[in-house]
Each structure stands twice: as structure tokens, then as C-alpha cells.
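Worksheet for the structure shown next.
Counting begins at 1 with the first residue of the sequence. All figures in this text were calculated on a predicted structure; none of them were measured in a lab. Below, all heavy atoms of this structure are taken into account, side chains as well, without hydrogens, waters or symmetry copies.
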Amino acid sequence: MHTIDVIDETVLNHPTDRVWHALVAELNGAANWWTPHNTFQPGPTAPQHKGGTSRITVHPNGVGKPGPKLRFTATTTHVDAERQLTTTLSGHFTGDFSYTLTPVDDGARTRLTITFTSTPHGWPALLDKVAHLGFKHSQQTQRALTQLRAHLDNAKGPDA
């Protein structure tokens, strides 16, 4: 089986607490910036806590549009608030997903690094042979990071 190993990152013009809040909100289903291609549904324990979960659905054609959906659950294994959140994946993908926030320019900006190391299972494993899911994942993550930047730039107040 093919392992997908992708690292995407960006530097955002906001301190880590603002980026962390936006990330945690999204993992809890806010749908502010990762939609229309990924949706998140939190489990009984919120994903920003160790043991928390988020059910992730990837909508390659966009939410509400026909086409396949890839589903997996991310279970949080490590949290260092405003610094790192690491999960293990089960479902159509198994592996690890992590978000690392690094202060830049004395904390005025944040480098957000998203690492996705996984193996597709079931029909996504077949799809990976023709669609190169790692490349597609990186394209959608870069699109989401652009949308995150716009969301943060347009948000009002520290909790936006």
C-alpha cells in the first residue's frame, strides 16, 4: 500500500492564539475556512483535548455536490495548546495528522505546519493509484490555508 506523506505550511500575520482558536473552531465544525472540501464533526470529547475526536469528511467535488466522500476519524493523541495538536486516523485513511504552530517575528506572526502521513484504505486506495491523493490533499490544504488567512484577516477581535 502507498503511504501519503505531505507537509503543508504557511505563515499567517496573526499570533498563535488567534490561529489556534481558528483551528480549534474548525475542528469543532465551525466551517469557516476548510469548507467546501472538508467538513468536521466533533465527537463527545472535543478534538482539542487528548482523546477527543473529529469525524472528517472530504468532499472532493465540494459539499452538497455529487461524488464520492472520503471519511475518517481523527483521535487526538497529543495537545500542547497554541503549539501542537496531533491525531491518529482511522477509516478511509490510517496514520497521523498534526498541526504545529510556531511563533514568528517575536510572536506577531505564526507558522502553521500541517503534516498528513497516512495510508488510504478501501476504494480510496484504488483511487490513489489514478488520482494521487497526496497531491490532491496538498492542493486542498493550500486552498484551505489561503481561506484561513482571509478569515483571520477579516475577523474582528481576539476570539474571531
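- Between the CG atom of L23 and the OG1 atom of T16 there is a distance of 11.5 Å, given to the nearest 0.5 Å.
- Side chains of D96 and T117: no donor on one and acceptor on the other come within 3.5 Å.
- Residue E9 holds its CD atom at 8.0 Å from CD1 of I7, rounded to the nearest 0.5 Å.
- In terms of heavy-atom proximity, R111 sits nearest to V104 at N-CG2, 3.7 Å.
- Put simply, the side chain of E26 gets close to the backbone of W33: a donor and an acceptor are under 3.5 Å apart.
- Counting heavy atoms from C-beta on, the side chains of S54 and N28 never come closer than 4.5 Å.
- H137 NE2 to I114 CD1: the interatomic distance, rounded to the nearest 0.5 Å, is 7.5 Å.
- Nearest approach of P47 to P42, heavy atoms of both residues: CD-CB, 3.9 Å.
- A side-chain donor from one of T10 and R149 sits under 3.5 Å from a side-chain acceptor of the other.
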Take L70 and W123 through the side chain to side chain contact (heavy atoms under 4.5 Å, CB included) test and state the conclusion after the steps.
-> CA-CA 9 Å; L70 295 85; W123 67 266; 3.9 Å; yes
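- Between the side chain of T39 and the backbone N or O of T35, no donor-acceptor pair lies under 3.5 Å.
- Residues T141 and Q139 are not in side-chain contact: their nearest non-hydrogen atoms beyond the backbone lie 4.5 Å or more apart.
- To the nearest 0.5 Å, the span separating NE2 on H151 from CH2 on W34 amounts to 13.5 Å.
- Counting non-hydrogen atoms of other residues, nucleotides and ligands closer than 6.0 Å to CG of D106 gives a total of 12 or fewer.
- Here the options are L89, T75, T88, T86, the test is side chain to side chain contact (heavy atoms under 4.5 Å, CB included), and the partner is F97; only L89 passes.
- In this structure a side-chain-to-backbone donor-acceptor pair under 3.5 Å is missing from H49 to G52.
- Looking at H14 and T110, their side chains never bring a donor and an acceptor atom within 3.5 Å of each other.
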Test log, rule side chain to side chain contact (heavy atoms under 4.5 Å, CB included), inputs T119 and I4 | CA-CA 6 Å; T119 303; I4 298 168; over 6 Å; no
Apply the test side chain to side chain contact (heavy atoms under 4.5 Å, CB included) to residues F116 and F93: give CA-CA distance (whole Å), side-chain angles for both, the deciding distance (0.1 Å), then the verdict.
-> CA-CA 10 Å; F116 183 72; F93 296 96; 4.0 Å; yes
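- Heavy-atom contacts from other residues, nucleotides or ligands closer than 6.0 Å to NZ of K50 number 12 or fewer.
- Going from atom NE2 of H92 over to atom CZ of F72 covers 10.5 Å, rounded to the nearest 0.5 Å.
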Please test Q48 against T76 for side chain to side chain contact (heavy atoms under 4.5 Å, CB included), starting from the C-alpha separation and ending with a verdict.
-> CA-CA 7 Å; Q48 69 268 27; T76 303; over 6 Å; no
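- For the atom pair OG of S138 and CZ of R143, the computed distance is 11.5 Å after rounding to the nearest 0.5 Å.
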